[in-house]
Amino acid sequence: MRANKSVHEYINQKTTTNTYASNATSNKPNASNVYGRLAKYFLVAASLSAVPTTYAYAEKPIAIAIHGGAGTIDKSKMTPQKRAQYDAALSAAVNKGYELLAQGKTSQQAVIAAIQILEDSPLFNAGKGAVYTFDETHELDASIMHGRTLNAGAVAGVKTVKSPIALAQAIMEKSVHVMLSGEGAEQFAKSQNLMMVENSYFDTEHRYKALIRAKQKLAKKEQELKDFQAAHHVLDAEYKFGTVGAVALDKYGDLVAGTSTGGMTAKRYGRVGDAPIIGAGTYANNASCAVSATGHGEYFIRYHVAADICARMQYQGVSLKQASDTVVNKVLVEAGGDGGVIAIDRNGNIAMPFNSKGMYRASRKHGEQAKVAIFKDE
């Protein structure tokens with residue numbers, strides 16, 4: 001019987017179907033039958049109410065995964081102090097997102113909160129820690145996608161928006177467009193009362209030093225090769241990586257993915273990578289999974305990495321692990337693309353494959369503590 005059936009419904013049903021049938025010769029219901037059945041009703045209802053919710057109703061999974069970029073992370077140069085800083089930042093971000101999920105907040109809220117913590121840290125190439133362009137400024141990109149509605153928002157090449165992921169969310173929710181760029185995106189940000197800053201807010205000493213080293217290497221290679229584009233191709237991978245992202249599953253069964261980045265060190269001519277490209281650096285679909293990517297963006301765009309992983313799950317019926325491993329460690333490797341992804345499916349399974357030396361990453365599932373890692377053997 002239904003535990004939430006009212007007493008009156010129960011009496012009326014049983015009186016009509018049973019009492020009158022068993023007393024066909026009488027126009028009055030048999031009181032003993034009615035109240036005997038009523039007593040049984042209360043006994044069953046009481047027993048159901050005594051069953052813990054975790055047993056009476058299956059608890060829906062919640063989970064979150066984040067990344068702080070993949071690349072040539074040199075383990076020999078990772079001092080204990082530096083490692084502690086990365087671990088603390090990653091833990092703070094993943095735990096904040098998880099706490100929101102545990103409180104019944106949405107996966108979108110969790111993703112935004114986690115990414116903003118990483119954007120506010122100078123350790124990662126997004127927001128405050130964004131790398132420099134060739135012209136010694138900062139241009140930031142971001143995107144977000146909701147797996148249930150397939151709505152998405154993206155922003156490219158902004159210079160004065162403190163939180164690009166917040167702008168991407170505003171574009172998704174308040175704009176008729178999916179992607180905005182440059183000055184127009186900044187005008188829209190102002191119309192939404194988002195926090196604006198001077199471009200110098202994103203300045204950091206270690207990123208500036210990295211730019212100087214990159215420009216020196218580019219100049220040397222350009223002299224040898226007589227071609228800036230060719231010189232840029234041979235630039236060390238450490239100058240081409242760096243992104244932050246998050247993927248989450250909430251108790252409502254919705255998947256969301258988000259990505260934010262400062263782009264590529266010494267980029268020129270308004271270059272845009274995969275981070276704001278829906279399907280390349282970010283994708284989410286409740287029918288399959290949510291993915292945020294990090295790596296050499298040009299390859300992730302060409303091979304629409306994030307969407308490919310989701311499509312393999314949806315159309316081939318393969319697992320999240322198999323789909324993500326195939327794309328990252330086979331398709332990308334064969335193409336010459338370095339990087340990795342974080343991905344989560346509708347059952348709360350998490351995959352975080354990468355083909356580079358390391359990837360800053362963390363995850364947390366229901367009933368578990370946060371797991372933080374950087375290198376492959378962790």
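The model shown is predicted, which means the values in this text are computed figures rather than measured ones.
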Lys/Arg-Asp/Glu bridge criterion (N-O < 4.0 Å) met for Glu368, Arg364: no
Does the side chain of Ile278 come within less than 4.5 Å of Tyr283's, by heavy atoms? yes
What about the rings of Tyr360 and His67, do their centers lie closer together than 6.0 Å? no
Please identify which of these residues, Ile374, Ile73, Ile342, meets the side chain to side chain contact (heavy atoms under 4.5 Å, CB included) condition with Met359. Ile342
Just so I know, are the side chains of Ile64 and Leu101 near enough to count as touching, which here means a heavy-atom distance under 4.5 Å? yes
Given side chains that start at C-beta, do those of Tyr208 and Asp203 come closer than 4.5 Å, heavy atoms only? no
Can any side-chain N or O of Lys105 pair as donor or acceptor with the backbone N or O of Glu99 at less than 3.5 Å? no
To the nearest 0.5 Å, atom CE of Met313 lies from atom CG of Asp345 at 4.5 Å
Please check if the side chain of Asp254 supplies one atom and the backbone of Asp250 the other of a donor-acceptor pair under 3.5 Å. no
If you take the centroid of each ring, where Trp contributes its six-membered ring, are Tyr86 and Phe124 closer together than 6.0 Å? yes
Min side-chain heavy-atom separation Leu150-Met145 under 4.5 Å: yes
Does the Lys NZ or Arg CZ of Lys357 fall within the cation-pi geometry relative to Phe375 - under 6.0 Å from the ring centre and within 45° of the axis? no
For the pair Leu100 and Gln103, evaluate side-chain contact (heavy atoms from CB on, under 4.5 Å) and give the outcome as yes or no after the intermediate values. CA-CA 5 Å; Leu100 292 175; Gln103 294 168 11; 3.9 Å; yes
Run Ile144 and Ile112 through side-chain contact (heavy atoms from CB on, under 4.5 Å) and show every step you take. CA-CA 9 Å; Ile144 187 170; Ile112 294 294; 3.6 Å; yes
How about CD on Glu378, more than 12 heavy atoms from neighbouring residues, nucleotides or ligands closer than 6.0 Å, or not? yes
Is Lys376 atom NZ crowded by more than 12 heavy atoms from other residues, nucleotides or ligands, each under 6.0 Å away? yes
Lys365 atom NZ, neighbour heavy-atom count above 12 within 6.0 Å: yes
To the closest 0.5 Å, what do you measure between CD1 (Ile115) and CG (Asp120)? 12.0 Å
Going by the side chain to side chain donor-acceptor pair (under 3.5 Å) test, which pairs reach into residues 178-199, not counting sequence neighbours? Thr160-Glu186
For a salt bridge (Lys or Arg N to Asp or Glu O under 4.0 Å) check, start with the C-alpha distance between Glu298 and Arg271, then their side-chain angles and the critical distance, and finish with the verdict. CA-CA 10 Å; Glu298 279 67 18; Arg271 179 262 184 185; 2.9 Å; yes
Do Phe202 and Arg207 come within less than 4.5 Å of each other through their side chains, counting heavy atoms only? no
Rounded to the nearest 0.5 Å, what separates atom CD1 in Ile66 from atom OG in Ser292? 10.5 Å
Do Ile165 and Gln116 pass the side-chain contact (heavy atoms from CB on, under 4.5 Å) test, and can you show the C-alpha distance, the side-chain angles, and the key distance before you say yes or no? CA-CA 7 Å; Ile165 193 64; Gln116 287 185 321; 3.7 Å; yes
Do Glu173 and Gln108 have side-chain N/O donor and acceptor atoms under 3.5 Å apart? yes
Hydrogens and angles aside, do Thr133 and Glu139 bring a side-chain donor and acceptor to less than 3.5 Å of each other? no
Start with the C-alpha distance between Leu255 and Asn285, add both sets of side-chain angles, then the distance that settles side-chain contact (heavy atoms from CB on, under 4.5 Å), and finish with yes or no. CA-CA 7 Å; Leu255 294 165; Asn285 188 330; over 6 Å; no
Note: Glu136-Lys215 ion pair, threshold 4.0 Å (strictly below): yes
Atom CG of Asn349 and atom NZ of Lys321: how far apart are they, to the nearest 0.5 Å? 11.5 Å
For Tyr252, is the NZ or CZ atom of Lys60 found under 6.0 angstrom from the centre of its six-membered ring and inside 45 degrees of the ring axis? no
Cut-off 3.5 Å, side chains only: do Thr259 and Thr282 have a donor facing an acceptor? yes
Does NZ or CZ of Arg302 come closer than 6.0 Å to the centre of the six-membered ring of Tyr299, within 45° of the ring's axis? yes
Using modelled atom types only, decide if a donor and an acceptor are shared between the side chain of Thr294 and the backbone of Ala70 within a distance under 3.5 Å. yes
Side-chain heavy atoms nearer than 4.5 Å, only ILVMFWY residues, links allowed to pass through others: does that put Phe188 and Leu140 together? yes
Approximate separation, where rounding is to 0.5 Å, of Met179 CE and Ser143 OG: 7.5 Å
For Thr106 and Gln109, does a side-chain donor sit closer than 3.5 Å to a side-chain acceptor? yes
As an exercise, state the distance from CG of Asn125 to CG of Leu118, rounded to the nearest 0.5 Å. 11.5 Å
